[in-house]
Protein chains: 2
Amino acid sequence: MTRASSTTKTYNQDCSDCPIRHRAVCARCEGDELEQLEQIKYYRSFEAGQTVVWAGDSMDFVASVVTGIATLSQTMEDGRRQMVGLLLPSDFIGRPGRETSAYDVTAATDTVMCCFRRKPFEDMMLRTPHIGQRLLEMTLDELDAAREWMLLLGRKTAREKIASLLTIIARRDASLQLSMADGELSFDLPLTREAMSEYLGLTLETVSRQMSSLRKEGLIVTEGKRHITIPDFDRLLEETGDDSDGGFLV
Amino acid sequence: MTRASSTTKTYNQDCSDCPIRHRAVCARCEGDELEQLEQIKYYRSFEAGQTVVWAGDSMDFVASVVTGIATLSQTMEDGRRQMVGLLLPSDFIGRPGRETSAYDVTAATDTVMCCFRRKPFEDMMLRTPHIGQRLLEMTLDELDAAREWMLLLGRKTAREKIASLLTIIARRDASLQLSMADGELSFDLPLTREAMSEYLGLTLETVSRQMSSLRKEGLIVTEGKRHITIPDFDRLLEETGDDSDGGFLV
DNA sequence: CAATTTCCTTGATGTAGATCAATCCTGATG
DNA sequence: CATCAGGATTGATCTACATCAAGGAAATTG
C-alpha cells in the first residue's frame, strides 16, 4: 500500500503524494516553495529497532515521519533510559539551528522519513515565514504532549500509565487507520514491552503484569503479542486517571 | 532594587527599562514595533501563592515574567498535582491561538508579569515574523527542558531529583543574581517543600528527608528554611545522575 | 506576648513497583 | 523438525518511597 517496508533510499520523489502533507512543514507550501523543498528533500528507510542517530551525533537534516514510528530517548550513564518523544507519521524530527542530536532517535517499527538538508532548510525558513509558523504550532503541540506525559510520569500509577498509553496510541492511530465498530476498537501495538517501559518510566516486568491484569479483567483483548482490541474504550478511559470529559476523539 | 515586591498595577510603562528585553518577545523589536507593543502591554503583580489563572479559565493575554517565579501545574480529579512548568524572569506564558489556559498558573514568589493583550499580540505576530521566530526558539528551549524533566520524573531516585532541582535553580538564578565565590554558591530557594514535591513527583515528606540527608552529608548548608549554600557545586552535580561533562554554566 | 497559622521535620509503618530468576511462546534457521 | 533467539509472562522477594501521625520553629494576629 505504501512504501513503508521498502529499504531503498529514494531521492527527490514528488511531494504531491507525500503523506506528510496533511500536517507537516510543507502543508502550506506552493509552487516555487514546493520546488525548493524538492531540491533539498530525500527519503530514508529504517528497519524496526534500527538507530537513526545517537545523542550527540551530528545531524545534518531535519525530517518528517512518513510511515512507521520513531522514538526519542535519553540515556543515563548507568544505562537507565527514558523515552521523551514518540513520533508518528507527520511528526517533525530535529531542531533548526542545532547541529547535533540531543537524543537517541530510534525506529520503533519499520519507518520511512522524509528528510530535508538542514542548512538549506533553515535558509528557507527565514524566507518563508509560514514554515516557521507551522513549526511553532507543532512545537507547541509537542510541548503540551510533553506536559501531559510529565503528569503521567510523576503522578500516575502503573495501571493508569498503561491505560493512558493504550488510549494515546489508539487515539493517534485512529486518525490514520484502525478498525473500529461501536466503541470496540483494535490496533497493532507498535512498541515492545521494553519500549513501553521506557515510555512509562516502569520496568518491562511491571508493564507485562499490568497488561495481563487488564486482560484478565476484560478491559483489553489480545491476539498474539501485539494485536490489541479494546472492547469498551470509555471503560479503559476511566482507568487512565484523566478527566473523563471529551468523547472519543477530543 | 526592582519593583519586584510592589503590588500596584502599572499600565503602559516604558519598555526600555523592561527587564524582559534581554530574552523575551520584544528583544528584537524597534521603533514602530515597540510603539505597538506599548499599546497592548500592561503589568500585573501577584503575591506569593496567588493563582494567576486556573486550568480551563479563559485567558485574554500572553505574558512574560519580569520578576519572581511562576509555575504551571496540572491537577488530577483526586487532587494529585504535577508541576509542568517553572517560569523564571523573561520566560513566556500563554499560547498564541489558545483562549483558555491548559494549566493552573501560580505565582510561587511575589511576581510581576508583563502582559500583552492576546488578540492584538497575535495580529502583531503575523505582521512581525521575528516575534514568531523568537517564540519558536523559546518554545524549543522549553521543550528541551521538559524532556530533561521527563528523565528526572521517570528514572531518577529521590536523592537525584533533589540534587537536580537544586542545580537547576542555582544555574538559572546564576545568570541573574546570586552570590558566588570559588565554587561556593548560595541562593534563596524560591519554592516551598510542597512546590518542590510537585516539581519532582514526590511527597513533601520525602523532599524534606532528602534535604536533611544532603545537609547532614555537607552537600548543602541551610540558613533558615529557604537560604541554601552549596559549598562544592561539582560534588552536588555528581549526585544528580547526569553526565558530569560541562563546567559550571553549560 | 499568648495564640494561631504556615511551613517544615522526623518517626513508624505499609505497599507499589523494582529486582532477581525461571519458564514460555513464536517465529526464524540450519 | 530440532534448535535457537528474542520477546513476553509469571513467581518470589526486596526496598524506596508513600502514608499516617506527631511535634517543632518562625512568622502573623488579635
Side-chain angles (χ1 to χ4, degrees), chain A residues 47-50 76 78-82 106 108-110 152-166 188-217 220-228 239 241, chain B residues 5 47-50 76 78-82 106 108-110 152-165 188-217 220-228 239 241:
Chain A
E47 289 175 13
Q50 223 183 323
M76 294 170 69
D78 62 4
R80 280 175 282 175
R81 272 172 75 86
Q82 175 63 51
T106 312
T109 62
D110 290 347
L152 177 149
L153 290 172
R155 294 303 183 191
K156 289 189 178 178
T157 65
R159 169 181 255 255
E160 288 168 341
K161 286 179 174 182
I162 299 280
S164 299
L165 176 55
L166 292 176
D188 273 315
L189 199 55
L191 303 175
T192 63
R193 296 289 184 264
E194 186 177 27
M196 291 175 71
S197 76
E198 286 176 11
Y199 185 110
L200 299 171
L202 298 170
T203 59
L204 77 155
E205 292 95 326
T206 298
V207 170
S208 184
R209 273 186 253 275
Q210 295 295 336
M211 290 289 286
S212 298
S213 147
L214 291 178
R215 183 168 1 92
K216 273 167 203 149
E217 298 174 33
I220 60 175
V221 179
T222 57
E223 196 189 316
K225 276 149 206 273
R226 294 294 193 81
H227 194 81
I228 307 261
E239 301 294 330
Chain B
S5 52
E47 288 174 15
Q50 223 183 324
M76 294 170 69
D78 62 3
R80 280 175 281 174
R81 271 172 75 85
Q82 176 63 50
T106 311
T109 63
D110 291 346
L152 176 149
L153 290 172
R155 295 302 183 192
K156 289 189 178 178
T157 65
R159 168 179 256 252
E160 288 168 341
K161 286 178 174 182
I162 299 282
S164 299
L165 176 56
D188 274 314
L189 199 54
L191 302 177
T192 64
R193 297 288 184 266
E194 186 178 26
M196 292 175 70
S197 76
E198 285 176 12
Y199 185 110
L200 299 170
L202 298 170
T203 59
L204 67 121
E205 292 95 328
T206 298
V207 170
S208 184
R209 274 186 250 275
Q210 294 296 334
M211 290 288 286
S212 298
S213 147
L214 291 179
R215 182 169 0 94
K216 274 166 201 149
E217 297 175 34
I220 59 175
V221 180
T222 57
E223 197 188 315
K225 278 149 205 274
R226 294 293 193 80
H227 194 80
I228 307 262
E239 301 294 332

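Letters go in sequence order (proteins before strands), and every chain restarts at 1.
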How many Å lie between CD on B:Glu160 and P on D:dA16, as a whole number?
-> 12 Å
For B:Lys156 and D:dA16, give me the distance from atom NZ to atom P, rounded to whole Å.
-> 18 Å
Using only heavy-atom distances, determine whether the side chains of A:Thr222 and A:Arg215 contain a donor-acceptor pair under 3.5 Å.
-> yes
Should B:Thr192 be listed as having a side-chain N or O under 4.0 Å from OP1 or OP2 of C:dC7?
-> no
Reckon B:Gly201 touches a base, only the sugar-phosphate, or nothing at all at heavy-atom distances under 4.0 Å?
-> sugar-phosphate
Do B:Arg159 and B:Leu214 have side chains that get closer than 4.5 Å, going by heavy atoms?
-> yes
Look at the side-chain N and O atoms of B:Arg193 and state whether any lies under 4.0 Å from the OP1 or OP2 oxygen of C:dT9.
-> yes
Could you tell me whether the phosphate oxygens of C:dT9, OP1 or OP2, come under 4.0 Å of any side-chain nitrogen or oxygen in B:Ser208?
-> yes
Can you check whether A:Ser212 has a side-chain N or O nearer than 4.0 Å to OP1 or OP2 of D:dT10?
-> yes
Atom pair distance, as rounded to whole Å: CZ in B:Arg209 and C1' in D:dC20 = 11 Å
Between B:Leu202 and A:Glu194, who's closer to the 5' end of DNA chain D by nearest nucleotide?
-> A:Glu194
Taking CG from B:Leu200 and C1' from D:dA16, how many angstroms apart are they, rounded to a whole number?
-> 15 Å
Compute the bend angle of the helix from C:dC1-D:dG30 to C:dG30-D:dC1 from the end axes (five pairs per end), rounded to 10°.
-> 30°
Mind checking A:Leu204 for me? I need base, sugar-phosphate or nothing, with any heavy atom below 4.0 Å counting as a touch.
-> nothing
Kindly indicate whether the side chain of A:Gln210, heavy atoms from C-beta on, has any atom under 4.5 Å from the side chain of A:Thr206.
-> yes
Any donor-acceptor pair under 3.5 Å joining the side chain of A:Glu205 to the base of C:dC20?
-> yes
Separation of atom NZ in A:Lys225 from atom C1' in D:dT10, rounded to whole Å = 12 Å
May I ask you to verify if any side-chain N or O of B:Arg226 is less than 4.0 angstrom from the OP1 or OP2 atom of C:dC8?
-> yes
Phosphate contact (D:dT9 OP1 or OP2) by A:Arg215 side-chain N/O below 4.0 Å | yes
To the nearest angstrom, how far is B:Arg155 atom CZ from D:dC17 atom P?
-> 14 Å
With a non-hydrogen cut-off below 4.0 angstrom, is A:Thr203 in contact with a base, only sugar-phosphate, or nothing?
-> base
